[in-house]
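Read through the structure below, which is laid out as structure tokens, and then see the notes.
As a basis for the values below, the full set of heavy atoms in this structure was taken, side chains included, without hydrogen atoms, waters or symmetry mates.
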Amino acid sequence: MSRQIGALRETVARLHAELTRYNLVAWTSGNVSARVPGHDLMVIKPSGVSYDDLTAATMVVCDLDGVLVEGDFAPSSDTAAHAYVYRVMPEVGGVVHTHSSYATAWAACGESIPCHLTAQADEFGGEIPIGPFALIGGDDIGKGIVATLAGHRSPAVLMRNHGVFTIGRDARAAVKAAVMCEDVARTAHLARTLGQPVPMAQADIDALYDRYQNVYGQQPVAPVGS
């Protein structure tokens, strides 16, 4: 298991660089975590450590109650929220939190982001929902994430007056959802400044989501003559 955790520490440390690359975080805010497959453990960012100083060695390991198991630093202040998601949603392998500007502006207004874009239909399967307000530190945020996303196709939720949380089958997928959430939020904001965004038919949203999730990208090709 130590080799598995070591690899996840490397992955999670590297993925934090994607948050700064796409301007999704400021100073030390935001975090990425990854479930340790087959174990009730997760790897997560330490609290209050500069992104420039994040390495595999600075990542910490916690159990799914948020208790530190391995590491030299205190875990993220959002650890309890991540842990709750992993406990209740076994299909989730990665969780990300950001305060990215445009998406968080929607959260500040207490608004979900309606689906007016094909790219949003592709990735989110409809609106990006708004979740309830909850204070940081306990698992209330995690409860709000789970309650909002239960039965929802979106891997992202805008937590009211707070910011963005995303989930994925692994940490990379959750980071991608955070990047795409901010891109959609920015474009939706710009569309509103120009006028009234045009609605999309639900059947078209469904068709786009199915194509992107099941057909888009590189597919296995059968060998010639097979």
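With E182 contributing its side chain and A103 its backbone, the two residues share a donor-acceptor pair below 3.5 Å. D170 places a side-chain N or O within 3.5 Å of a backbone atom of A173 that can act as its donor or acceptor partner. With K45 contributing its side chain and T28 its backbone, the two residues share a donor-acceptor pair below 3.5 Å. A donor-acceptor pair under 3.5 Å is formed between the side chain of D63 and the backbone N or O of G66. Panel note: side chain N214, backbone D210; a donor-acceptor pair is recorded below 3.5 Å. At distances below 3.5 Å, not a single donor-acceptor pair connects side-chain atoms of R35 with backbone N or O atoms of M42. In terms of modelled atom types and a separation under 3.5 Å, the side chain of T148 and the main chain of G144 share a donor-acceptor contact. The closest donor-acceptor contact from the side chain of Y22 to the backbone of A17 lies at 3.5 Å or more, if one exists at all. A donor-acceptor contact shorter than 3.5 Å is absent between the side chain of Q120 and the backbone of G125. Under the 3.5 Å distance criterion, the side-chain polar atoms of H39 are left unmatched by any main-chain donor or acceptor of L41.
Annotation: side chain of S112 is not in contact with side chain of W106 (no heavy-atom distance under 4.5 Å). Using a 4.5 Å heavy-atom cutoff, the side chains of V95 and Y86 are in contact. Counting heavy atoms from C-beta on, the side chains of R87 and D65 come closer than 4.5 Å. R14 is not listed as a side-chain neighbour of R172, based on a closest heavy-atom distance of 4.5 Å or more. Within the 4.5 Å cutoff, the side chain of D183 has no heavy atoms near those of the V179 side chain. For the pair V43 and V60, the minimum side-chain heavy-atom distance is 4.5 Å or more. Between C181 and L158, the closest side-chain pair of non-hydrogen atoms falls below 4.5 Å. Contact annotation: the side chain of Y84 approaches that of K143 to within less than 4.5 Å [non-hydrogen atoms, C-beta and beyond].
How far CZ of R21 is from CG of L15: 11.5 Å, rounded to the nearest 0.5 Å. Interatomic distance, OG1 of T20 versus CG of D52, reported as 8.0 Å (0.5 Å rounding). The line from CG of N23 to OG1 of T98 is 11.5 Å long, rounded to the nearest 0.5 Å. Rounded to the nearest 0.5 Å, atoms CD1 (I113) and NE2 (H189) are 11.5 Å apart.
Figure legend: cation-pi geometry between R153 and F124 absent, as NZ or CZ is not positioned both under 6.0 Å from the six-membered ring centre and within 45° of its axis.
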Item to check | Test log, rule side chain to side chain contact (heavy atoms under 4.5 Å, CB included), inputs Y51 and V49 | outcome: CA-CA 6 Å; Y51 279 82; V49 176; over 6 Å; no
Next on the checklist: Before you tell me yes or no, could you show the steps for R160 and E111 under salt bridge (charged side-chain N to carboxylate O under 4.0 Å, His left out), namely the whole-Å CA-CA distance, both residues' side-chain angles and the distance that decides it to 0.1 Å?
Outcome noted: CA-CA 8 Å; R160 190 185 304 270; E111 287 191 61; over 6 Å; no
Checklist entry - D122 and R211: side chain to side chain contact (heavy atoms under 4.5 Å, CB included), yes or no, with the steps? => result CA-CA 8 Å; D122 287 346; R211 178 202 66 87; 3.4 Å; yes
Item to check | side chain to side chain contact (heavy atoms under 4.5 Å, CB included) evaluation trace for L208 with M200 | outcome: CA-CA 11 Å; L208 287 161; M200 293 178 66; 3.5 Å; yes
Item to check | Test log, rule side chain to side chain contact (heavy atoms under 4.5 Å, CB included), inputs H162 and I136 | outcome: CA-CA 9 Å; H162 187 172; I136 301 168; 3.8 Å; yes
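Under the 4.5 Å side-chain contact rule for hydrophobic residues, V184 and I205 do not share a cluster. Tracing side-chain contacts under 4.5 Å through hydrophobic residues (I, L, V, M, F, W, Y), one reaches V61 starting from V12; they form part of the same cluster. Connection of F73 to V25 is established within a shared hydrophobic cluster, with ILVMFWY side chains joined at heavy-atom distances below 4.5 Å, either directly or through further cluster members. Residues I130 and V85 do not share a hydrophobic cluster, clusters being chains of Ile/Leu/Val/Met/Phe/Trp/Tyr side chains in contact below 4.5 Å. Cluster membership check: L8 shares its hydrophobic cluster with L54, using side-chain heavy-atom separations under 4.5 Å among Ile, Leu, Val, Met, Phe, Trp and Tyr.
Closest of all the heavy-atom pairs between P197 and H116 is CB-ND1, 3.2 Å. Pairing each heavy atom of S76 with each of T79, the nearest pair is O-OG1, 2.6 Å. Of all non-hydrogen atoms in I44 and P75, the two that sit nearest each other are CG2-CB, 4.3 Å. Contact detail for A56 and R9: the closest heavy-atom pair is O-NH1, 3.2 Å. Across all non-hydrogen atoms, the minimal contact from A174 to G168 is CB-N, 3.8 Å. Shown here for V32 and H16, the closest heavy-atom pair between the two residues is N-NE2, 2.9 Å.
Around CZ of R169, the count of heavy atoms belonging to other residues, nucleotides or ligands within 6.0 Å does not exceed 12. Heavy atoms of other residues, nucleotides or ligands lying less than 6.0 angstrom from CG of N161 number more than 12.
With respect to the salt-bridge test (charged N to carboxylate O, under 4.0 angstrom), the residues E18 and K176 do not qualify.
Two rings, from H97 and H82, have their centers 6.0 Å or more apart.
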